[in-house]
Every structure is written in structure tokens, then in C-alpha cells.
Amino acid sequence: MGLFGNKSDHPMADIKSAQKLLSDVPKNDPLKALQEITDWLESVTDNANFHADQRFEVLSLLDESARPHMRKLVREYFTAPTLAKFQENRTWMALNAFFSHNERGYFKLLTAYRNGDKGGSAIRTALPQIAARGLYAVMGILKMAAARYDPVGIQNWEHLSQYYLHAEEQQYHNDQVKLYATSTQGISAKNIFASALMWYAPGSTSLRPLHMHLAERLACHFCKYLTVETQGTTNNLVCFDLAHPGPPMRVTPDTKTLSGMRFLGAGDVRPQLEILLKQLEKNIVPQEINLGGVYEADIVKVAARHLLSSWGAPPPMRRHARRQVKVNMTVVVGFERILERGMHAADLEQHFSSDDNGISIWEVEDISATGFRCVLPVKNTEGVKIGSLIATKPENVGHHGVGIVRRLSRDDHNHLHVGVEILSKQIENISLHTRGGSRASAEQSALWLRMAADEEGEIFLLLSPHAFSMNRSMNAILEGKGCLLIPLALLERGADYDLARYRKVEEDANAAADEAY
């Protein structure tokens with residue numbers, strides 16, 4: 001006889017047998033452990049001999065047992081800088097499979113209760129926890145899709161909707177539950193619903209995976225401040241239609257209030273984020289925030305600033321109209337690759353027209369004064385990430401420019417949609433040397449962005465990573481004239497570049513020559 005009084009011959013039907021099987025899961029191999037537990041989740045979910053209350057007990061045991069292995073893999077996937085591509089794919093697949101089968105198990109429990117299946121009435125008191133865990137699993141699915149900028153399947157949005165809709169209808173959406181044995185605070189279905197959508201909507205296409213992870217963790221930490229309302233107000237930022245589930249949408253003046261619509265807002269969270277940022281500025285990462293690992297304050301700061309910006313007033317509409325175009329653009333990805341193609345504009349122009357490794361042809365779909373969008377097949381996506389620096393030369397254009405990848409998303413055909421912010425439509429490779437140093441000993445290469453700001457005595461340069469210093473002025477020859485470049489600000493630090501602003505001061509020709517040599 002099994003633990004639950006049924007005669008199921010499933011290995012997990014007896015609690016002692018289930019615990020024994022889980023004790024054999026390898027403790028020092030989180031990937032293999034999670035894969036084995038996921039297999040059991042799938043088996044239990046698909047077995048028809050479990051009553052709803054029995055299934056809930058076993059799924060809870062499996063879910064709790066998987067937690068430490070899942071956390072280790074999440075930390076490894078989103079933070080390990082040198083994870084090999086093969087290992088990265090294996091880890092992603094294991095995590096995505098776990099979240100998917102875990103969610104499917106809890107959704108089957110919800111369905112059993114709604115249909116009045118055997119044992120369904122016995123899980124009534126567990127519904128707040130079932131909904132919260134189901135929503136949390138959906139959030140995991142969203143996170144893994146976002147890590148690859150993949151679209152989210154319609155079934156996932158439907159399940160997200162059903163969990164929350166049922167919680168509202170049965171009025172347990174605000175019930176605080178302890179999600180897992182290791183949880184230190186209570187959380188409700190409403191909290192998770194709000195944090196999932198408020199995190200996903202602004203960050204799934206514009207953040208690097210590590211910052212996505214941290215933003216998701218911060219959204220969960222601050223979830224009690226987020227709001228969910230049935231009527232739209234000026235404070236709402238995102239809306240989600242429970243009746244017709246799909247990706248969350250930004251609230252605009254034209255957004256119509258429908259019966260199934262839920263409007264989400266930041267509530268009182270902004271002051272909390274501002275307090276956090278002040279702590280991060282002091283190089284303090286509060287211990288009470290569960291980030292799933294230990295991270296440097298500067299890294300957490302990027303995610304916190306993103307949320308503070310995204311959760312402010314509704315973002316402004318586009319200032320520049322986009323035009324639909326079809327034009328080919330030659331692209332080089334990465335600061336070093338751009339420099340490798342020649343130290344001067346003429347050389348770079350020649351290399352851009354060559355059939356060289358590292359040069360790709362992108363087809364532009366639409367363009368504005370400040371950016372453009374391309375759709376790339378898989379073969380052209382190597383090295384393309386959020387924050388990637390790219391040099392560009394449109395066909396039939398006599399000069400080349402530079403931009404930064406700001407948005408990524410994949411469509412159902414696995415084509416990568418790339419949104420690029422244009423930094424400058426004309427660039428020039430220049431040589432810099434440290435003020436007071438010899439040219440031979442302190443020379444470095446840079447990209448000079450030819451922009452309107454040049455006329456105001458300021459210039460923008462792209463430098464090697466960590467080359468910028470507020471305490472170091474540079475000398476350069478610009479348009480045949482010796483110039484002193486005084487550092488003003490580091491605007492952005494990418495994975496392989498620094499974007500900086502300098503004050504340009506023209507020097508006496510003879511003095512500049514003496515200084516340089």
C-alpha cells in the first residue's frame with residue numbers, strides 16, 4: 001500500500017521510496033541532479049494514478065529538492081564569464097526543462113481542483129501556494145527565454161493568466177505564503193504576477209543576461225510595492241489582458257480598458273530603489289536582498305538604475321519617425337575588430353569593401369535619425385550582444401559610422417531582430433598619447449566620433465576598455481592640428497570599449513610637436 005492509500009506502482013507513490021530515490025541524486029553535480037529531478041517531475045505529472053492531493057505532496061518534495069541545484073545552475077549560467085558554449089547550452093536546456101515541467105505540474109493541480117477531480121477538494125487550502133509556485137515557475141520560463149531573447153510561447157502567457165485569474169476569482173491572490181522551506185518572507189500570487197510582468201516588459205530585449213538576472217531578483221525583492229489594478233490610471237506603466245493573454249504592453253494614452261485588462265504600476269517602489277542606489281554608490285550591497293549570489297555593487301547598480309528608469313513616468317514616445325527601408329549595410333562587430341581593419345579612414349573604407357572574416361552584411365528594415373533595426377539569420381549573429389559596438393557602412397554611402405546594439409529579440413523563425421543606436425554617422429581612427437609622455441611609449445588607438453558637439457569644443461572617443469581616466473589628458477592630431485584632450489566624463493563602459501567625452505583644446509603647432517615627440 002502506498003503512502004496515500006492507493007495502489008499505484010509508481011516509484012514515487014511511497015514517500016520512503018521517493019525520499020530514497022532523491023537521496024541517490026548526485027549532490028556534487030547540479031546539472032545531472034536537476035535533470036534527474038526534472039525527469040521525475042515529468043513522470044509524476046503524466047501519471048494518471050495520482051490523486052490531486054497525492055500529486056501535490058510528491059511535486060512539493062521534488063520541487064524543494066531541486067532548489068539548491070537550480071540556484072547553483074542559475075548562478076553559473078548568468079554569471080560565469082568563461083562558460084563554454086556547449087556547457088552554456090546544456091545548462092540552459094536543463095533550467096528551461098525544469099521550469100517548464102515544474103510549471104506544468106502545478107498547472108495540472110490547478111486544473112484538477114477546478115474540474116473537481118479526485119483529491120481536488122483536499123488541496124483547497126494549498127491553492128495560494130500552488131498558484132504562487134506556478135507563477136514563479138512561469139517567471140523562470142520567461143527568464144530563460146529572455147536570456148536568449150527568444151519569444152515566449154502563448155501557452156506560458158495563458159497559464160500565467162489562469163493562475164492569477166483563479167486567484168482573483170477565489171480571492172486568495174493577496175494571501176501571503178512561504179514559497180519554499182528556505183524562504184524567509186511571505187509572498188503572494190499578486191506579488192509574483194506583478195514582479196514577473198514589471199520585470200519582463202522593460203528588460204527582456206534591452207538588458208544583458210547578467211543584468212536581466214539581477215533586475216529579476218530586484219523585482220522580486222521589491223514586489224510588495226508594485227500595484228495591480230483593474231482600471232488604468234496615469235500611474236500605470238504596463239498592462240496585461242487576462243482574457244487574451246500575450247506579452248505585456250506599455251500603457252499609452254490610446255490604451256483601452258477592457259474587462260480582462262490588468263494595469264500594473266510601480267506604486268511606492270521608486271524611493272526604495274533610490275535608497276538602494278545610495279547604498280550601492282557606497283559600494284554596499286544589502287545582505288537582505290537575495291540576488292542568488294554575491295555580486296559587485298557596480299554590477300547591481302546597472303540593474304537598479306534600469307528599474308528606476310523603467311518604473312518612472314511612462315517613457316516618452318519616439319522623437320524621430322522611423323522609415324521602412326530595404327538597404328544592405330556592411331558591419332564589423334567589436335572595437336578591436338574595427339581597429340584591426342585600418343588605422344585611417346581610407347584604410348577602413350577599403351577593408352569594409354573586402355570579403356574578410358568578421359565582416360557581415362545586414363539588411364536594414366527601418367531607420368530613423370538616431371537608430372535602425374535589422375533582422376539577421378542565425379549565421380550572422382556571432383558576437384552580437386546587448387552593448388556590442390558595431391561599425392557600419394550602408395551601401396552607396398561614402399562614409400562609415402558606429403553604433404551600439406541596444407535591443408535584441410528573436411522571432412518564431414529564430415531570426416534575430418537587432419535595434420542599434422547610432423552614435424555617429426562618421427568615424428575616424430586616431431592615435432592618442434599621454435600628456436607629457438613619449439609618443440612611442442604611450443600611444444593608443446581610438447575612434448573619433450565626428451559629431452555636431454565637435455564644434456562646441458567637445459569630442460567623443462571610443463577607447464580600449466578601462467583606458468579612460470579622469471586624471472589623464474591626452475594629445476592627438478585632429479584634422480592636421482595638434483590638440484590637447486581633457487577628460488570630462490566616461491559615458492559608457494562596454495565589454496570591449498570605453499565611450500568618453502573630452503574637451504578639445506587646440507595647441508600651438510610647434511608646442512604640440514615638441515610635446516608629441
Side-chain angles (χ1 to χ4, degrees), residues 73-74 77-78 83-100 103 137-160 196-216 238 240 245-250 303 306 310 322 324-329 331 333-334 360-368 371-390 392 403-421 494-495:
L73 289 180
V74 165
Y77 181 83
F78 285 96
L83 202 62
K85 193 68 178 177
F86 174 74
Q87 186 67 13
E88 177 187 323
N89 285 333
R90 288 186 69 202
T91 304
W92 185 93
M93 291 176 67
L95 285 167
N96 190 61
F98 167 71
F99 289 127
S100 298
E103 186 279 321
V138 175
M139 195 170 185
I141 296 170
L142 299 184
K143 187 172 177 178
M144 299 316 298
R148 291 189 167 185
Y149 308 101
D150 286 341
V152 175
I154 187 62
Q155 185 181 73
N156 299 127
W157 296 120
E158 290 173 346
H159 285 195
L160 181 79
L197 295 175
M198 287 287 285
W199 158 75
Y200 181 86
S204 61
T205 62
S206 60
L207 288 175
R208 299 173 189 174
L210 173 56
H211 297 141
M212 278 183 198
H213 165 71
L214 293 173
E216 181 258 350
V238 174
F240 182 82
M249 299 173 291
R250 188 179 74 177
H306 164 78
S310 301
R322 287 192 175 272
Q324 299 292 320
V325 297
K326 288 287 185 181
V327 60
N328 287 335
M329 179 178 290
V331 170
V333 180
S360 302
I361 304 297
W362 293 8
E363 184 177 77
V364 178
E365 297 284 326
D366 57 61
I367 193 167
S368 73
F372 60 85
R373 182 178 65 90
C374 297
V375 181
L376 309 182
V378 176
K379 65 178 182 180
N380 282 354
T381 61
E382 182 67 29
V384 180
K385 302 176 180 179
I386 295 291
S388 292
L389 186 72
I390 65 170
T392 63
I404 296 178
V405 175
R406 296 301 190 195
R407 292 189 177 277
L408 293 175
S409 63
R410 293 188 187 275
D411 58 28
D412 293 334
H413 301 289
N414 203 29
H415 292 161
L416 188 65
H417 294 240
V418 183
V420 177
E421 177 191 3

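Because only heavy atoms are used, hydrogens play no part in the values below, and waters and symmetry mates are left out as well, while side chains stay in.
- Annotation: side chain of F240 is in contact with side chain of L160 (closest heavy-atom distance under 4.5 Å).
- Residue E88 holds its CD atom at 8.0 Å from OG1 of T91, rounded to the nearest 0.5 Å.
- Atom CG of N89 and atom CD of Q87 lie 9.5 Å apart (nearest 0.5 Å).
- Residues M212 and L207 share a closest heavy-atom pair of CE-O, 3.2 Å.
- For the pair E103 and A137, the tightest heavy-atom approach, listed with the atom from each and the gap, is CB-CB, 3.5 Å.
- The two atoms that bring P151 and A145 nearest to each other are O-CB, 4.3 Å, heavy atoms only.
- In terms of heavy atoms, I386 sits closest to R406 at CD1-O, 3.4 Å.
- No donor-acceptor pair closer than 3.5 Å links the side chain of W199 to the backbone N or O of A215.
- A distance of 10.5 Å separates CH2 of W157 from CD1 of I141, quoted to the nearest 0.5 Å.
- Minimum heavy-atom separation, P248 to L197: CG-CD2, 4.0 Å.
- A donor-acceptor distance shorter than 3.5 angstrom exists from the side chain of S388 to the backbone of G383, with no hydrogens or angles considered.
- Rounding to the nearest 0.5 Å places CD1 of I404 at 6.0 Å from CG of L389.
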The test is side-chain contact (heavy atoms from CB on, under 4.5 Å); show your working for K385 and V405 and say whether it passes. CA-CA 7 Å; K385 302 176 180 179; V405 175; over 6 Å; no

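- One distance of note links CD1 of I390 with CH2 of W362; it measures 4.0 Å at 0.5 Å rounding.
- Remark: K143 is positioned above the aromatic ring of F78, its terminal NZ or CZ atom under 6.0 angstrom from the ring centre and at most 45 degrees off the axis.
- Here L408 contributes atom CG and S206 contributes atom OG; the two are 9.5 Å apart, rounded to the nearest 0.5 Å.
- Heavy-atom minimum distance, G494 versus R208: CA-NH2, 3.9 Å.
- Between the side chains of N414 and R148, not a single donor N or O lies within less than 3.5 Å of an accepting N or O.
- Applying side-chain hydrogen bond (donor to acceptor under 3.5 Å, both in side chains) to E365 and the options H417, K326, R373, Q324 leaves one that passes, K326.
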Go through it in stages, so that I can follow the logic: the residues are Y77 and H213, the test is side-chain contact (heavy atoms from CB on, under 4.5 Å), and I'd like the CA-CA distance, side-chain angles, deciding distance and then a yes or no. CA-CA 10 Å; Y77 181 83; H213 165 71; over 6 Å; no

